[in-house]
Asker: 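Just passing along the structure, written as structure tokens.
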Amino acid sequence: NAGVIQTPRHKVTGKGQEATLWCEPISGHSAVFWYRQTIVQGLEFLTYFRNQAPIDDSGMPKERFSAQMPNQSHSTLKIQSTQPQDSAVYLCASSSAGGALEQYFGPGTRLTVL
Amino acid sequence: AQSVTQPDARVTVSEGASLQLRCKYSYSGTPYLFWYVQYPRQGLQLLLKYYSGDPVVQGVNGFEAEFSKSNSSFHLRKASVHWSDSAVYFCVLSANSGGSNYKLTFGKGTLLTVTP
């Protein structure tokens, strides 16, 4: 079991550029979550997919952020026109079906916007 | 709305000493509680979880936690710490949201430093 895989581990973008972050959940897990971690705000929920369907995106900034899960093996978080305040560690987590509550986290992608 | 408070941002203990990391939560419903640990440049790893039943739950690497409904607390303990326990520890609450206990609320974390 390779665990949750996130790529890239580090990404540096210039202000105004686009950033796409990838997440591969644990095989067999049907739920995928995205979180953002900063020193100031701590860990914040962004969005949640179950069986590839978007269930809750209440934590996503209304502009420039979008997430997709085109198949059961990967999810993407896209940030358009990145701004310095988007700099953070973006964590992906997955959990199994059947009401299991434990979420298993990937190592995160550290995004730096210059 | 729910919240989790970890009152100690930093804790330093000597190797071999006992440890308690404090966690208080605020939630009107039935809390599902977790402790996660984050080592440098890594993701969060689940230490232990509490859903119901025995208020003392055992986790990995000798960690345990005690749930107290009356005190709204879920403190983490370890009898004897090792230098490799140095990390950031997060107390986490899972609350009912739309009928599914999936949305996690995190404390700010406690940085544990174990000195030789």
Side-chain angles (χ1 to χ4, degrees), chain A residues 1-10 21 23-26 29-51 53-60 88-110 112, chain B residues 1-10 23 25 27 29-53 57-60 65 67 74 87-111:
Chain A
N1 188 338
V4 176
I5 298 172
Q6 289 190 249
T7 54
R9 292 293 307 274
H10 303 275
L21 313 180
C23 171
E24 181 179 331
I26 292 171
H29 281 191
S30 60
V32 170
F33 308 82
W34 285 95
Y35 296 88
R36 177 168 62 182
Q37 184 177 25
T38 61
I39 298 295
V40 174
Q41 298 294 332
L43 278 146
E44 303 172 286
F45 168 84
L46 293 177
T47 190
Y48 160 50
F49 294 86
R50 186 173 64 225
N51 295 322
I55 303 299
D56 183 348
D57 67 354
S58 59
M60 292 277 276
V89 176
Y90 291 84
L91 292 164
C92 177
S94 70
S95 69
S96 62
L101 302 179
E102 304 99 281
Q103 296 181 22
Y104 296 88
F105 286 79
T109 295
R110 180 175 296 277
T112 302
Chain B
Q2 61 273 5
S3 65
V4 176
T5 301
Q6 294 180 247
D8 305 308
R10 295 171 180 265
C23 172
Y25 68 89
Y27 180 57
T30 300
Y32 293 172
L33 294 158
F34 308 85
W35 277 96
Y36 281 84
V37 60
Q38 186 175 34
Y39 298 100
R41 294 174 297 282
Q42 295 187 29
L44 280 73
Q45 299 176 25
L46 179 66
L47 273 181
L48 47 77
K49 62 191 179 192
Y50 172 79
Y51 293 162
S52 65
V57 291
Q58 304 297 320
V60 298
F67 168 71
F74 189 56
V88 180
Y89 291 78
F90 291 94
C91 183
V92 182
L93 180 149
S94 176
N96 270 314
S97 179
S100 297
N101 291 57
Y102 61 82
K103 188 172 287 187
L104 300 183
T105 300
F106 292 82
K108 292 293 188 183
T110 296
L111 174 62

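We name chains A, B, ... by the order of the sequence lines, and we start the count at 1 in each one.
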Asker: Let me confirm one number: the CZ-CD distance from B/F34 to A/Q103, rounded to the nearest 0.5 Å.
Answerer: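 Answer for the CZ-CD pair, B/F34 versus A/Q103, is 7.5 Å.
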Asker: Return the CD to CG distance between A/E102 and B/L104, rounded to the nearest 0.5 Å.
Answerer: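 Separation between the atoms: 10.5 Å.
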Asker: Give, as side chain, backbone, both or neither, the part of B/Q45 having an atom under 4.5 angstrom from any heavy atom of chain A.
Answerer: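 The answer is neither part of B/Q45.
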Asker: Looking at OH of A/Y35 and CZ of B/F106, how far apart are the two atoms once the value is rounded to the nearest 0.5 Å?
Answerer: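 Atom-to-atom, A/Y35:OH and B/F106:CZ are 5.0 Å apart.
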Asker: Closer than 3.5 angstrom, by distance alone: can the side chain of B/K108 be matched with the main-chain N or O of A/Q41 as a donor-acceptor pair?
Answerer: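 Checked: pair present.
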Asker: Under a 3.5 Å distance rule, please check whether A/R110 uses its side chain to pair with a backbone N or O of B/R41 as donor and acceptor.
Answerer: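 No, A/R110 side chain to B/R41 backbone: no donor-acceptor pair under 3.5 Å.
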Asker: Of the listed residues (A/P107, A/C92, A/G106), which shares the most heavy-atom pairs with chain B below a 4.5 Å separation?
Answerer: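 Result: the option with the highest number of such pairs is A/P107.
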Asker: Heavy-atom distance under 4.5 Å to chain B: side chain of A/L91, backbone, both or neither?
Answerer: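 For A/L91, side-chain heavy atoms alone lie under 4.5 Å from chain B.
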Asker: Contact part of B/L44 toward chain A, heavy-atom cut-off under 4.5 Å: side chain, backbone, both or neither?
Answerer: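 Both parts, backbone and side chain.
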